[in-house]
Amino acid sequence: MLCGESDSLLLSNKILSDFTGRRPGLTRFRRALYEYKLHGGHYEGGRFSGVGKELLERYRLHLEQLGMVDLDDLEVETFRLLERHDSGRNGQDAGKGRRR
């Protein structure tokens, strides 16, 4: 199920309000979520835009428990698929060339 932007914002606020440690602002948290997803959760130092991995994992796990993905997930996973399957991407490029 797709988690819309408004639901994602509500979830982000909930994660931040439930966190007992030092909390980043909502904008920083959302930016960090995108970086975290783009890097597959792996980043030297374990921090994304100054936000610790633990806090970002809470968001991801909560979405997973709900059986949802957000729009960033769709974008990042599409990017990863294209990156992993370079031959498929080259096949698409070749197909475009034949249509001319």
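The structure presented is a predicted model; accordingly, all values stated were derived computationally and were not measured. Positions are given from 1, in the same order as the sequence printed here.
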Could you state whether Leu10 and Ile15 fall into the same hydrophobic cluster, counting links through intermediate Ile, Leu, Val, Met, Phe, Trp or Tyr residues with side-chain heavy atoms under 4.5 angstrom apart? no
Verify same cluster id: Leu9, Val51 (apolar side-chain graph, 4.5 Å): yes
Does the plane of the ring in Phe29 sit parallel, tilted or perpendicular to the ring in Tyr59? Use 30° and 60° as the thresholds. perpendicular
ILVMFWY cluster, Leu38 and Leu81 together (side-chain gap under 4.5 Å): no
So how far is it from His39 NE2 to Lys37 NZ, rounded to the nearest 0.5 Å? 13.5 Å
Taking all atoms of both residues into account, what is the closest heavy-atom pair of Tyr34 and Glu75, and its distance? OH-OE2, 2.7 Å
Could you give the distance from CG (Leu74) to CG (Leu2), rounded to the nearest 0.5 Å? 5.5 Å
Interatomic distance, Arg22 atom CZ to Leu55 atom CG [nearest 0.5 angstrom]: 12.0 Å
Between Leu71 and Met1, is there a shared hydrophobic cluster once you connect ILVMFWY residues whose side-chain heavy atoms come closer than 4.5 Å? no
Starting at CD of Glu5, measure out to CZ of Arg30 and round the result to the nearest 0.5 Å. 4.5 Å
Please determine which of Asp73, Val69, Asp7 meets the side-chain contact (heavy atoms from CB on, under 4.5 Å) test together with Leu63. Asp73
Side chains of Leu33 and Ser49, heavy atoms from C-beta outward: is any pair under 4.5 Å? no
Could you state the interatomic distance from CZ (Arg31) to CG (Leu26), rounded to the nearest 0.5 Å? 10.5 Å
Taken in chain and number order and not counting sequence neighbours, the residues that satisfy salt bridge (charged side-chain N to carboxylate O under 4.0 Å, His left out) with Arg28 are none
So, taking the atom named OG in Ser12 and the one named CG in Leu56, what distance separates them when rounded to the nearest 0.5 Å? 9.5 Å
